[in-house]
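What follows is a short report on a single structure.
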Amino acid sequence: MAALRDAALVDPAFAQRMHHFGIEQMKPWAELLTALTTDGAHLPASPDVSAQLIAAVATAFVGLWDGGDAEGIAALTRFVERGLLS
């Protein structure tokens with residue numbers, strides 16, 4: 001991921017493609033979050049913004065976490081669940 005971010009810094013066209021790719025990757029999350037709001041959930045922001053927040057937190061966490069996979073996934077899942085649905 002770091003190499004992709006570096007490439008985007010020097011190539012504006014690549015940066016634009018990466019931006020659009022990221023938006024496409026968030027669509028399923030935004031759709032799921034939209035369904036949750038339809039069912040009565042109160043998100044901290046719009047479904048689109050909430051999906052971007054989840055992605056940013058997950059990306060940062062993966063870069064910092066040095067524990068076991070199961071423990072990290074469980075912690076991240078609880079964090080996102082409590083942040084979105086509390």
Side-chain angles (χ1 to χ4, degrees):
M1 290 305 295
L4 293 173
R5 284 190 299 273
D6 290 347
L9 290 173
V10 297
D11 185 345
F14 182 71
Q16 188 67 17
R17 286 196 314 271
M18 287 295 295
H19 176 74
H20 289 298
F21 176 77
I23 290 171
E24 287 298 314
Q25 295 301 303
M26 290 301 103
K27 283 185 180 180
W29 285 98
E31 290 170 2
L32 173 66
L33 295 171
T34 298
L36 288 174
T37 61
T38 300
D39 290 341
H42 299 283
L43 301 176
S46 72
D48 290 333
V49 172
S50 294
Q52 291 171 350
L53 289 166
I54 291 170
V57 167
T59 300
F61 181 70
V62 166
L64 297 170
W65 179 251
D66 62 358
D69 291 348
E71 183 184 359
I73 290 169
L76 182 59
T77 300
R78 282 190 307 274
F79 180 82
V80 169
E81 180 183 35
R82 290 176 184 165
L84 285 177
L85 303 176
S86 55

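Note that the coordinates shown come from a computational prediction; the quantities given were computed from them, not determined experimentally.
Interatomic distance, I54 CD1 to Q52 CD, rounded to the nearest 0.5 Å: 10.5 Å. Note: F79 CZ to L84 CG = 9.5 Å, rounded to the nearest 0.5 Å.
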Using atom types as modelled, flag every donor-acceptor pair under 3.5 Å from a side chain in residues 30-39 to any protein atom, sequence neighbours excluded.
residue: T34; atom: OG1; partner: A30; partner atom: O; Å: 2.8
residue: T37; atom: OG1; partner: T34; partner atom: O; Å: 2.6
residue: T38; atom: OG1; partner: T34; partner atom: O; Å: 3.0

Result block: side-chain N/O donor-acceptor pairs under 3.5 angstrom for residues 8-27, not counting sequence neighbours:
residue: D11; atom: OD1; partner: A13; partner atom: N; Å: 3.1
residue: D11; atom: OD1; partner: F14; partner atom: N; Å: 3.3
residue: Q16; atom: NE2; partner: H20; partner atom: NE2; Å: 2.8
residue: E24; atom: OE2; partner: K27; partner atom: NZ; Å: 2.9

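Taking hydrophobic clusters as Ile, Leu, Val, Met, Phe, Trp and Tyr residues chained together by side-chain heavy-atom distances below 4.5 Å, W65 shares a cluster with L76. Both V57 and W29 sit in one connected hydrophobic cluster of ILVMFWY residues. Membership requires side-chain heavy atoms under 4.5 Å apart, directly or through other members.
Judged as a side chain to side chain contact (heavy atoms under 4.5 Å, CB included), and not counting sequence neighbours, the contacts of A45 are V49, S50.
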